[in-house]
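One structure below.
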Amino acid sequence: MGESQRFQMGTVGALSLSVVSSVSIVICNKALISSLGFSFATTLTSWHLLVTFCSLHVALWMKLFEHKPFDRRAVMGFGILNGCSIGLLNLSLGFNSVGFYQMTKLAIIPFTVLLETLFFRKNFSRSIKFSLALLLLGVGIATVTDLQLNMLGSILSLLAIFTTCIAQIMTNTIQKRFKVSSTQLLYQSCPYQAITLFVIGPFLDGLLTEQNVFAFKYTPQVLVFIVLSCLISVSVNFSTFLVIGKTSPVTYQVLGHLKTCLVLAFGYVLLHDPFCWRNILGIFVAVVGMVLYSYYCSIESQQKANEGTVQLSQAKESEVDPLLGVENGTSLATDGLVQKVPSWSSNKDLNA
C-alpha cells in the first residue's frame, strides 16, 4: 500500500472515529443533562480534559507514543485559547436563543475560510465554496428556529466564533510547524485547557444555571453517566486533533455539521424527538453539500498530487540534462549560485 493510500485510510479512520465518538457523547450528555439534571457543561468539559490527560499519560508510560516537547509558550497560549473558546461557546448558548446559537456555529465555517484566505493565502475554489454554502443552507434549514438578538449575547457569539476559528487553525498550524502528532499536541495542551476550564467552569455554570456544581446531589446513576461521558471524551478529544491535523479546520467544521444531522436523526429514531418536513429537507440538503465538498476536496487533492509528481519528475530530468533545465526555466548552480528548481507542495492536507 502506497503512502498516499495509507494517508487516505488514516484520514477516513480519523473522520469515522470523530463521528462515532461525538455522536455517542452527545447522546450520553443529553441523558445526563436532560434526564438527570446535571447541567454543568463547562465543569464537565474540564473533567473530560483531565481524564484525557491522565489517559494519555498512561499511554506515554506504556510507550504507545513519544513525548516531544516544543515551544512551551505556544502550547500554553494554545491551551488557554482552546479553554476560553469552549467557555465562550457555552456562554453564547446561555445568553442566546437556541436558533441564534446554531447561527453562531454556522458562522464558524465562513469566518475560518476568511481568516485562512487573508492570513494564510489559502485559495478556496468556487466548487468548494458552493458546496460549503449548500451545506450551511441545509444545516440552517434543519436546525435554526427562532432568532432572538441581544447585545451581550451577540458580543459573546462573536468572541466565541473568533476564538474557536483561531484555536482550530492553530491546531493544524502547530502540528505542521513543529512536526508533532495530534497525540503529542493534545498531551501537552490538555493540562492548560483543563486548568482554564476548571477555574472558570464553576463560575460560568453558576451564572448560567443558578446552581452550585459542588452542592449538586451526585447519585450513583449520575456518577455512572459522568464517568461514561469522561471515557468517551478521550476518543472525542483525540479524534478532534487527529482530524484537524490530517485535514483542515474547515473540513473539521463540515464534519461537525454532519454530526449535528446524525444527532437530529438519532434523536428522532431513538428518543422520539419532534421532527418535521423542514428537518428532513435540511438534512438532505446538508448531506448533498457534504458529499459535494468531499468530492471536490478529493479531486483537488489528486490534482495537486499529480502536479507535484510532474514537477518532481521535471526537476530530476533537469539534473541529468542541463539543456533541459534551461528550457524548463531552471538555472544551474554555477559560480557559487544556488540551483533553482521548481517548487512543489508535499502538503498532505485535504486542500479545501
Side-chain angles (χ1 to χ4, degrees), residues 6-33 38 40-67 78-79 82-83 85-86 89-90 105 164 167-168 171-172 174-175 180-194 196-198 201 222-249 251-267 270 290 350:
R6 286 197 299 270
F7 174 76
Q8 290 176 357
M9 290 294 292
T11 303
V12 171
L15 295 172
S16 302
L17 177 64
S18 180
V19 170
V20 172
S21 58
S22 295
V23 173
S24 300
I25 201 170
V26 165
I27 294 174
C28 178
N29 289 347
K30 186 170 184 179
L32 185 61
I33 294 173
F38 187 86
F40 309 101
T42 309
T43 304
L44 180 62
T45 305
S46 70
W47 298 345
H48 287 171
L49 291 165
L50 182 61
V51 172
T52 299
F53 175 73
C54 293
S55 302
L56 290 176
H57 194 69
V58 172
L60 179 64
W61 177 73
M62 297 174 63
K63 298 181 179 180
L64 296 179
F65 71 96
E66 180 183 356
H67 180 46
F78 169 72
N82 246 330
S85 71
I86 295 171
L89 281 170
N90 288 339
K105 292 176 65 178
T164 301
Q168 291 179 358
T171 302
N172 184 276
I174 288 176
Q175 290 186 51
V180 294
S181 68
S182 55
T183 309
Q184 292 167 335
L185 177 58
L186 180 60
Y187 175 71
Q188 295 188 63
S189 63
C190 247
Y192 300 108
Q193 296 182 61
T196 301
L197 291 176
F198 192 78
V222 170
L223 291 175
V224 167
F225 273 92
I226 288 177
V227 171
L228 180 60
S229 178
C230 289
L231 292 176
I232 299 174
S233 73
V234 177
S235 177
V236 173
N237 291 325
F238 173 72
S239 62
T240 296
F241 280 64
L242 191 61
V243 168
I244 297 177
K246 282 186 171 292
T247 58
S248 70
T251 299
Y252 176 73
Q253 285 299 323
V254 171
L255 188 67
H257 291 305
L258 170 61
K259 299 170 192 174
T260 300
C261 294
L262 289 176
V263 168
L264 285 173
F266 281 132
L270 300 179
M290 292 174 202
L350 285 178

So F38 and I33, do their side chains get closer than 4.5 Å, heavy atoms only? no
Are L242 and S18 side-chain neighbours, meaning at least one heavy-atom pair lies under 4.5 Å? no
For a quick test of reading the model, state the closest non-hydrogen atom pair linking T183 to L56 and the distance between them. CG2-CD2, 3.8 Å
If you look at every heavy atom in H48 and S229, which pair is closest and at what distance? NE2-OG, 2.7 Å
Examine distances only and state if a side-chain atom of [X] and a backbone atom of [Y] form a donor-acceptor pair shorter than 3.5 Å.
{"X": "S235", "Y": "I232", "answer": "no"}
{"X": "N172", "Y": "I244", "answer": "yes"}
{"X": "S233", "Y": "V236", "answer": "no"}
{"X": "Q184", "Y": "Q175", "answer": "no"}
{"X": "T171", "Y": "A167", "answer": "yes"}

Could you measure the distance from the OG1 atom of T45 to the CG atom of N82? Nearest 0.5 Å is fine. 11.5 Å
Is the ring centre of F65 less than 6.0 Å from the ring centre of Y187? yes
Side-chain H-bond candidate by donor/acceptor type, S55 with T52, under 3.5 Å: no
How about H57: does its NE2 atom have over 12 heavy atoms from other parts shown lying under 6.0 Å from it? no
Assess whether side-chain contact (heavy atoms from CB on, under 4.5 Å) is satisfied between T43 and F198, documenting all intermediate values. CA-CA 6 Å; T43 304; F198 192 78; 5.6 Å; no
